[in-house]
Q: 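Here it is, the structure in full.
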Amino acid sequence: MPNNAMQATARASSLVRFCSLRCSLLKRAAPDRWRSARLMRWSVLGGFGLLVVAGCSARKVDCLQTGDSVGEEFESLHTGLLRVLTYNIYVGNPDLATTAQSILRL
Amino acid sequence: MAAFQEVSPRGFDILQQELGSVLPYHFVPPADGDVVALFSRLPLRNAHYEPSHYGLNGFAFAEIEFLDHPVQLAAVHLDPIRTWTLTYKLKVPWQIVHQGWVHRRELDQVLEHLQPAAPSIILGDFNSYASRAGPEYLQRRGLVDSARSVCNDADAVATHHLRALGRSFGRRIDFIFHSSEFRTAESRVVRGDPSDHDIVVSSLQWVRGPTGENAEPKLAADALERRAPLKPGGRSLAGPRVW
């Protein structure tokens, strides 16, 4: 395992050990505070979960994400389609030949 | 079918040379300057050009026959915010206020050339920076915003990019609209460097006959044989693609 990964694992395990030790001390010393802390923890987790669910459901389709390059290829979803394209090539386009070749691959 | 804007005579020669083998039919207006051009795999009929009465650019019209249905095409380049002279710069506030009116008049001019009940595709550079009047005008007339019909976040994807004061700005100003005889199967924005515009591509499927009945597209026999169910992940075997 690379050094960086070993260091990260060690840090993570010591953090987990610290948290569990702190939780057990808190639980033993102040049960009321422990209960409210637990409630808060679940509230935060629940809120985060709700946010994730809302974010995922709001995202309908990712079909309009900008491609990496002009030449990105994709296949037709169906047969018998009319493919239409609009492109303002820009009057000062210095490499129109390459652009045109890339359009053919769309 | 591809509609290009800002095509110079030299640019047209290059496009014709590079695209001619796949898109053999083309129309470039006999007008001077940088114009709108059409390239197509299907023959273009009744192609003609109309300079804008209200803006700097103009519109190219043509008809194609797709799956035995005549389809009207209109490639547009609506009036931009002009900033390349001092006078124009001083008039920018007025242009911003006025742009919606100009775009509506330009689209009126375009619609005068199209039969209202016939299948139509209107596409191009709407230059809708200061006003969304252009796209909204076509939607109110029953035309479908192709990208928006399949993507919730269509308006969030910029198709034009510019840099000012060290910051990048962008807006969705390139559109494909179609009449209800079509359904958008897919729409995509592809980065268009070195142009400041991106390429907008849509795949349109014929869904309704001229009398309104639902109709399966009339595909050639070999196309029907090659038709395959969608694979998991949304991709299918490539069938005949018509530009």
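For clarity, every value in this text was computed on a predicted model and none was experimentally measured. Proteins come first, then strands; the chains are lettered A, B, ... in the order of their sequence lines, and each starts at number 1.
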Q: Is B/V7 close to A/V91 at the side-chain level, that is, under 4.5 Å between some pair of heavy atoms?
A: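 Counting from C-beta outward, A/V91 and B/V7 never come under 4.5 Å.
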Q: Taking side chain as C-beta onward, heavy atoms only, is B/V200 less than 4.5 Å from A/L85?
A: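 B/V200 vs A/L85: side chains apart.
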Q: Can you tell me how far apart CD (B/E18) and OG (A/S102) are? Round to the nearest 0.5 Å.
A: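 Here the rounded value is 10.0 Å.
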Q: Which residues satisfy the side-chain contact (heavy atoms from CB on, under 4.5 Å) test with B/R171, sequence neighbours excluded?
A: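 For B/R171, the residues satisfying side-chain contact (heavy atoms from CB on, under 4.5 Å) (neighbours in sequence not counted) are B/Y129, B/R132, B/I173.
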Q: What do the steps show when you test B/H77 against A/N88 for side-chain contact (heavy atoms from CB on, under 4.5 Å), and what is the final call?
A: CA-CA 9 Å; B/H77 191 183; A/N88 186 325; 3.8 Å; yes
Q: Between B/L73 and chain A, which part of the residue has a heavy atom less than 4.5 Å away: side chain, backbone, both or neither?
A: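 B/L73 has no heavy atom closer than 4.5 Å to chain A.
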Q: What's the spacing between A/N93 CG and B/I14 CD1 if we round to 0.5 Å?
A: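 Going from CG on A/N93 over to CD1 on B/I14, the span is 8.5 Å.
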Q: Which answer fits B/L204, side chain, backbone, both or neither, if we ask what part of it has an atom under 4.5 Å from a heavy atom of chain A?
A: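 When you check distances to chain A, atoms from both the backbone and side chain of B/L204 fall under 4.5 Å.
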Q: What is the distance from atom OG of B/S202 to atom CG of A/L82, rounded to the nearest 0.5 Å?
A: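 So the gap between those two atoms works out to 10.0 Å.
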Q: Please enumerate all residues that pass ring-ring contact (aromatic ring centres under 6.0 Å, His included) together with B/F126, with sequence neighbours excluded.
A: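 Once residues adjacent in sequence are excluded, the partners of B/F126 under the ring-ring contact (aromatic ring centres under 6.0 Å, His included) criterion are B/F175, B/F177.
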Q: Does the side chain of A/Y87 reach to within under 4.5 Å of the side chain of B/S195, using non-hydrogen atoms?
A: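 With C-beta onward as the side chain, the pair touches.
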Q: Taking all non-hydrogen atoms of both residues, which atom of B/S203 and which atom of A/L81 are closest, and how far apart?
A: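 Distance-wise, the nearest heavy atoms are CB-CD1, 3.7 Å.
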Q: I need the residue from B/G124, B/S8, B/A156 with the largest number of non-hydrogen atom pairs under 4.5 Å to chain A.
A: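 Result: the option with the highest number of such pairs is B/G124.
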Q: Output the distance between atom CD1 (A/I89) and atom CD1 (B/I199), rounded to the nearest 0.5 Å.
A: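 These two atoms lie 10.5 Å from each other.
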Q: Taking atom CH2 as the centre, does B/W84 end up with more than 12 heavy-atom neighbours from other residues, nucleotides or ligands that are less than 6.0 angstrom away?
A: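 Yes, because the 6.0 Å sphere around CH2 of B/W84 holds more than 12 heavy atoms from other groups.
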Q: Within the 4.5 Å heavy-atom criterion, are B/V201 and A/R83 side-chain neighbours or not?
A: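 Counting from C-beta outward, B/V201 and A/R83 do come under 4.5 Å.
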Q: Taking all non-hydrogen atoms of both residues into account, name the closest pair between B/L15 and A/A100 and its distance.
A: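 Minimum heavy-atom contact is CD2-CB, 4.1 Å.
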Q: Could you please spell out the steps behind the side-chain hydrogen bond (donor to acceptor under 3.5 Å, both in side chains) verdict for A/T86 and B/Q5?
A: CA-CA 8 Å; A/T86 179; B/Q5 298 87 42; 3.1 Å; yes
Q: Answer whether the closest heavy-atom distance between the side chains of A/T99 and B/P194 falls below 4.5 Å.
A: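 Counting from C-beta outward, A/T99 and B/P194 do come under 4.5 Å.
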Q: Indicate yes or no: at least one non-hydrogen side-chain atom of A/I103 is less than 4.5 angstrom from one of B/L23.
A: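 No. Closest side-chain heavy atoms not under 4.5 Å.
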Q: Does OH in B/Y137 sit with more than 12 non-hydrogen atoms of other residues, nucleotides or ligands closer than 6.0 Å?
A: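 More than 12 within 6.0 Å, yes.
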